[in-house]
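Input: a single structure, listed below in structure tokens.
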Amino acid sequence: MNSREIIARRVAQEFQDGDVVNLGIGIPTLAANYLPEGVQITLQSENGMLGMGPAADPDQATNDLTDAGGNPVTILPGGCFFDSAVSFGLIRGGHVDKTVLGALEVDANGNLANWMIPGKRIPGMGGAMDLVTGARRVIVAMEHVNRNGSPKILQDCKLPLTAKGRVSLIVTNLAVISVKKGGGLVLEELAPEVSVEEVIEKTGAPLEISPNLKPMPILD
Amino acid sequence: MNSREIIARRVAQEFQDGDVVNLGIGIPTLAANYLPEGVQITLQSENGMLGMGPAADPDQATNDLTDAGGNPVTILPGGCFFDSAVSFGLIRGGHVDKTVLGALEVDANGNLANWMIPGKRIPGMGGAMDLVTGARRVIVAMEHVNRNGSPKILQDCKLPLTAKGRVSLIVTNLAVISVKKGGGLVLEELAPEVSVEEVIEKTGAPLEISPNLKPMPILD
Amino acid sequence: MKNKVFSAQEAVARVKDGDHIMVGGFLQGGTPDVTVRELIRQGKKNLTVTSNDTGREGCAVYDLVFAGHVDRVIADYIGLNPKTGQMMIENPDSVQLFPQGTLAEKIRAGGFGLGGILTPTGVGTIVEQGKEKITIDDKEYLLELALRADVAMIRAHIADEAGNLVIRGTARNFNVVMAFAADYVIAEVDEIVPIGELDPNHVTIPGTLIDAVVKGG
Amino acid sequence: MKNKVFSAQEAVARVKDGDHIMVGGFLQGGTPDVTVRELIRQGKKNLTVTSNDTGREGCAVYDLVFAGHVDRVIADYIGLNPKTGQMMIENPDSVQLFPQGTLAEKIRAGGFGLGGILTPTGVGTIVEQGKEKITIDDKEYLLELALRADVAMIRAHIADEAGNLVIRGTARNFNVVMAFAADYVIAEVDEIVPIGELDPNHVTIPGTLIDAVVKGG
């Protein structure tokens, strides 16, 4: 099982039947492929849809029905469309149960940085700030370290924040870490063949070890 | 021609082809019956409709299609429906060209009082404050004096205001009076068989006499 | 997927005494009368009601106020419900009036996660009393704060079993914004259809906002 | 009733150099490409453009920026238009970024006659720089001001001759709020039908907001 699959499978276990979920591009989107049995979720796409379905067949593809990345998709029975103001009303108003996003950095106070690297790349925040501010539960799904092997989980984010104190759970290829209310990180679960020491070494902030520390439940 | 008809006929002459108009209950609503030839207007009803048509036949009447007074009406071809937030977005956002309302009092600074009499009757302002604040042109249509014969046009309103400085034109059974930018009333037109002296006597604020003073153009 | 279709009795049983209830409708248009009458039948009391107008004779919300279930009203027009007017005379604090457009925006803000909005409506009138005034480009605005409730009771024409609502005609009124602004939302409808029967382009209110669908009268 | 159907050339001729233009769409979804390309053809310059993203390769608004017609951009995401990114690096003041939900509300406020809105989005981030912060019930909000433009160019599926618009699918995006927020509104559509053919329940944008209807490609 590769890193992406480990993360996606574990994230999927966070979903409960009936949840309205907004998934970021990349690993978060994969999570929808691994829903636990009996769990149905409704995908919100911030460009204006609830009940987003799979990618559209090429002969059905239209620019009038796309996902937030601009890719032609479908809508499932029971879905509906709305404009951007309503879409972010749903997001900001707490009508999205969970959002899963990638991160450049996330820190011990639940702060998240995922939208810009000063002097390098400023693509804009798109809908990320509203999603992280408004969704009832914010889950970060990412590789535990960056391409240089440096920790992405820090005591304090150095990059400009997306939102302050909103992350509840961090799911990586190595571990599941929860953020305590008021701050502080708790190591909750370990990926297969990963040790507590390895996670501590690759994390840039102190980790409390949960008394219920367990293996990630990602069996097929 | 009775007072109400004089007022309604004269108000109708204020409408231009293509205008979006919101008409208050009573005399203002009558104005729609006297549109000049070649002038088509679109009626906005603040409960959620553009293109309001005549009253519904009893066998077609439904609570799902009413005017702002709750009366079953129809919608004309080219009309549409929307919710209250959008309806007042149209009103507050300057997308209604003209509103015509009755008044308890109107004054020399274009202030209007038409929603409450302290200690007596507090029905609430409904949509009146938004209409008077937001419509591009506010026209007051009313009897020149109240039931006791006292002036309703004053130097300063005594009753609680509906909005400040928003009235452009006052059409009564005796006269047409414009409100100057920055304040001050100008007598523009006289109803049939009405003298300047009578209007001055029945008006509770100084009147400038327009150099172009003329009879009200309300011929059939 | 969870079943959302309930009897009025089941749906209203979750309402508690003292709850703040938003009731959709504009006079007798688009009002959830079966649901509101169930509040009377179940004897819920000390309610706060937000409603455009608290109804007119024949409306359930009119009867709810008359029967004494309501301690506090938030509305923009109460001219056709003399009991609400009487409440206001006896205890001015028991009835709060806002301009209609302001009330709609306050409720929308509550449902959309906004803290409030700046409106020019009410500037220079008694509506500005006790409110913050903010000047932008020489124009004055009132800061009107977001409004939320415990329960919303709204009315639509058709629901699917996922709670997606289609409203027709002028019945959208306050029903749309209220659907976003309460912790528990009951939608009363003329007709309930299976999931997949509604055109997603024609849905007025997303089903994910709706907790209970009740068949109306 | 006035005729509202024009060629793209006629409709765009009214745009002036230096105008602020809102362009609807979300990447390549729901974009008024024929109308925006006419801006290029007519050589309009020194424009300010408000757009969700200033497009991606293949979009007209992407080409508009690349061809140098635009001095200033207001958007929430510019990651797929490197020219907008370059503008921002060369002159940070030439590109203003807002969170997507904030941008939608700013435009809506502009069109709805509101001075602004209070949003929690951006609190504690660089987005709060230079903005007023208002605390309500111990929660901080940013005051985000209304945004209006001289021109809006939007896209819909069907228009009737009165300008009523029906939008399908996810193409509503920014097109809806922008229709309210400009002095002159051009709607580009796939199809134009006579008045009376649209169900008034299915109209996405009231025709009274629309000045010109243009047949799209």
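Below, read A as the first sequence line, B as the second, and so on, with proteins coming before strands; counting in each chain starts at 1.
With a 4.5 Å cut-off on non-hydrogen atoms, A/Thr66 touches chain D through its backbone and its side chain both. No part of D/Thr84 comes within reach of chain A, as not one of its non-hydrogen atoms sits under 4.5 angstrom from that chain. At a 4.5 Å heavy-atom cutoff, A/Ala128 makes no contact with chain D through either its backbone or its side chain. When heavy atoms are compared at a cutoff of 4.5 Å, A/Thr133 approaches chain D solely by way of its side chain, counted from C-beta outward. Heavy atoms of D/Glu105 lying under 4.5 Å from chain A belong exclusively to its side chain. Within the 4.5 angstrom heavy-atom criterion, no atom of A/Ile91 approaches chain D. Heavy atoms of D/Phe26 lying under 4.5 Å from chain A belong exclusively to its side chain. Using a 4.5 Å cut-off between heavy atoms, D/Arg155 does not touch chain A at all. Heavy atoms of A/Ser45 lying under 4.5 Å from chain D are absent altogether.
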Can you list the steps and then say if A/Ile122 with D/Leu97 is a side chain to side chain contact (heavy atoms under 4.5 Å, CB included)?
CA-CA 10 Å; A/Ile122 313 171; D/Leu97 294 173; 4.0 Å; yes
Kindly indicate, with the supporting measurements, whether the criterion side chain to side chain contact (heavy atoms under 4.5 Å, CB included) is fulfilled by A/Asp83 and D/Asn175.
CA-CA 8 Å; A/Asp83 67 52; D/Asn175 289 304; over 6 Å; no
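Environment of CG in D/Asp138: sparse, with no more than 12 heavy atoms of neighbouring residues, nucleotides or ligands closer than 6.0 Å. The number of heavy atoms from other shown groups lying within 6.0 Å of CD (A/Gln155) is above 12. A 6.0 Å sphere centred on CG of D/Asp137 holds no more than 12 heavy atoms belonging to other residues, nucleotides or ligands. Residue-environment remark: NZ (D/Lys133) exceeds the threshold of 12 foreign heavy atoms within 6.0 Å.
For A/Arg92 (side chain) and D/Gly101 (main-chain N/O), a donor-acceptor pair under 3.5 Å exists by modelled atom type.
The shortest non-hydrogen separation linking A/Asp130 to D/Thr121 is OD1-OG1, 2.8 Å. The heavy-atom pair separating D/Val177 from A/Ala85 by the smallest distance is CG1-CB, 3.9 Å. Nearest heavy atoms, A/Gly48 versus D/Thr170: O-CG2, 4.0 Å.
Considering CG of A/Leu112 and OG1 of D/Thr125, their distance stands at 11.5 Å, rounded to 0.5 Å. To the nearest 0.5 angstrom, A/Asp64 atom CG is 10.5 Å from D/Gln28 atom CD. Note that the CD1 atom of D/Ile167 and the CZ atom of A/Phe81 stand 12.5 Å from one another [nearest 0.5 Å].
Heavy-atom pairs under 4.5 Å with chain A were tallied for D/Ile78, D/Ile89, D/Val95; the largest tally goes to D/Ile78. The residue among A/Gly70, A/Gly126, A/Gly124, A/Gly134 with the most heavy atom pairs within less than 4.5 Å of chain D is A/Gly126. Counting heavy-atom pairs closer than 4.5 Å to chain A, the top residue among D/Gly122, D/Gly85, D/Gly79 is D/Gly79. Taking chain D as the reference chain and counting heavy-atom pairs below 4.5 Å, the highest number among A/Gly69, A/Gly119, A/Ser87, A/Pro160 is found for A/Gly69. Chain A forms more heavy-atom pairs under 4.5 Å with one residue of D/Ala104, D/Gly169, D/Ala171 than with any other, namely D/Gly169. Chosen from D/Arg56, D/Gln100, D/Arg108, the residue pairing most often with chain A at heavy-atom distances under 4.5 Å is D/Gln100.
Side chains of A/Met116 and D/Ile126 form a contact here, defined as non-hydrogen atoms less than 4.5 Å apart.
Of the candidates D/Val123, D/Thr119, D/Val127, D/Asp76, D/Val127 is the only one forming a side-chain contact (heavy atoms from CB on, under 4.5 Å) with A/Met129.
Inspection of non-hydrogen atoms places A/Ala163, A/Lys164 of residues 163-173 of chain A under 4.5 Å from chain D.
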